[in-house]
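Structure record follows, encoded as structure tokens.
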There are 2 protein chains.
Amino acid sequence: MDTTERTEQALAAERRKRELLEAADRVVLRDGPGASMNAIAAEAGITKPILYRHFGDKGGLYAALAKRHTDALLASLRAALDAPSERRARVESTLDTYLAAIEGAPQVYRFLMHPAESASPGEQGFDVGRHSAPLLRRLGEELAQVIAERVDLGSDSERLARVWGHGIVGMMHAAGDWWLGERPCSRAELVRDLADLLWGRLAAAGDREGGPGF
Amino acid sequence: MDTTERTEQALAAERRKRELLEAADRVVLRDGPGASMNAIAAEAGITKPILYRHFGDKGGLYAALAKRHTDALLASLRAALDAPSERRARVESTLDTYLAAIEGAPQVYRFLMHPAESASPGEQGFDVGRHSAPLLRRLGEELAQVIAERVDLGSDSERLARVWGHGIVGMMHAAGDWWLGERPCSRAELVRDLADLLWGRLAAAGDREGGPGF
DNA sequence: AACACCTTGTTACTTGCGGTAACAAGAGTC
DNA sequence: GACTCTTGTTACCGCAAGTAACAAGGTGTT
């Protein structure tokens, strides 16, 4: 058992794992998040126990699958977030990047965020809540870090940045989710409206008929 | 089959339904959201088919259960939202009401929002995504209506109000979720920070060391 | 050559859940 | 007394997660 062989086998195992993940990806994107382990195994040309050997349980497969997409999304968002432009432009381009991503691959989005929907009834598919949260959490922390690095907040800046990071990510997520379902306006409009909200336009707007007491 | 009897029976059925819901509530809050229909039936002192007669399927039971809590939360939020005070005070008190609610009954909150977590492994319990969304959607629409009614936005005010409604609700939800898990600060601080965010403090803050190009 | 070992793969099983049929029993109605 | 309606039961089906237990091929050791 020399080391070169060990690594070779390990590499082979990782390749295999990637292949399995790609098969799982195809099935999940085709059949929705309720895809059964049997179906995934069939698509990969093997049988269930092998999946379990590689991923432990269904949650493991899900997590591995989610990590791929999550990492890809995070990478593209980081690019927008780290651009050397004005803050408003950065915010708008980040929002737009996110919305373009979920618009371009809504199946992936629904898998990551709402795995229990969009499939034949009788679903009990992948557990959702346990895995959709991590993506949003990571996004929130990432944004918090960028804010803390680049924006001059007084004391308590770390806490403030984290609150805002998670809050903004939540705003983006909820608005994007609603928008993706109803398509009430164009992407550019949504981006502008959300940026306006962050820029305090709600606070600046006047009261309607009847004054502040109404 | 005179009408009085009909209504009496209908009333009895509704009472029964309420009893069943209360039993389901106890079980779900005790065993987590993965509680099986069998367990719920046992808690109610009956057997499964009766549950199915009353609620159709598990989703129906879930929906009925969620509706109770959702309605209660919405009612208390409406009160804060409709108070005759300044806008900032209203926003803060609404945020605080929401956070106090999820802080006071985190089990209920987790059931409504993350039903797949917090139970013994092997969960495939209630479908979550399909039902947590409605609460947030309703909240968003509700807030949108209040904004549209009370805030003077120029043209396109309806769309703007809806975008902001859903966005703000998402912000509140994500920040609350993160805060409930990590408890990084007091409730009052969180409320103030979120209100500051909505008041444009992020946009107003200066860049850190290196100017806008950095 | 024969042995042990590890990896990959299989078939066949158990367990547990959602959901449903089929049947039993009490209570009012004609 | 027969009819029907509601409430309840037991016993079952189907299906998906997860788990032995076993088969076969390559590899190193003696």
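Throughout, protein chains are lettered first and strands after them, A, B, ... in sequence-line order, and every chain is numbered starting at 1. As the structure is a computational prediction, the values presented were derived from the model and not from experiment.
Considering only residues two or more places apart in sequence or on other chains, B:Glu92 meets the salt bridge (charged side-chain N to carboxylate O under 4.0 Å, His left out) condition with B:Arg88.
Side chain of A:Arg26 to backbone of A:Leu21: no donor-acceptor contact under 3.5 angstrom is found. No donor-acceptor distance shorter than 3.5 angstrom exists from the side chain of A:Arg208 to the backbone of B:Ile147, with no hydrogens or angles considered.
The side chain of B:Tyr52 approaches C:dG19 more closely than any other nucleotide in the set D:dA17, C:dG19, C:dT10. Candidate nucleotides D:dT19, C:dA21, D:dA17 were compared by shortest atom distance to the side chain of A:Pro49, and D:dT19 ranks first. Distance from the side chain of A:Ser36 is smallest for D:dA16 among the nucleotides C:dG19, D:dT9, D:dA16.
For the pair B:Arg53 and D:dC5, the criterion of a side-chain N or O lying under 4.0 Å from OP1 or OP2 is not met. The side chain of A:Arg15 contributes no N or O atom lying less than 4.0 Å from OP1 or OP2 of C:dT8.
Backbone-only contact: A:Ile46 has heavy atoms under 4.0 Å from sugar-phosphate atoms and none from a base. A:Thr47 comes within 4.0 angstrom of a base, heavy atoms only.
The shortest non-hydrogen separation linking B:Leu77 to B:Thr94 is CD2-O, 3.7 Å.
Distance, B:Leu20 CG to D:dT7 C1': 11 Å, rounded to whole Å. Note: CG (B:Leu61) to P (C:dG19) measures 10 Å, nearest angstrom. Distance NZ (A:Lys48) to C1' (C:dT10): 13 Å, rounded to an integer number of Å. The distance between atom CD1 of A:Ile50 and atom P of D:dT19, rounded to the nearest whole Å, is 15 Å. To the nearest angstrom, P of C:dT7 lies 11 Å from NE2 of A:His54. For the pair B:Met37 CE and C:dT20 C1', the computed distance is 12 Å after rounding to whole Å. Between the CG atom of A:Leu51 and the C1' atom of D:dA17 there is a distance of 12 Å, given to the nearest Å. The CZ-P distance, from B:Phe55 to C:dT20, rounds to 15 Å in whole Å.
Aromatic ring orientation, B:Phe111 versus B:Tyr62: tilted (interplanar angle from 30° to 60°).
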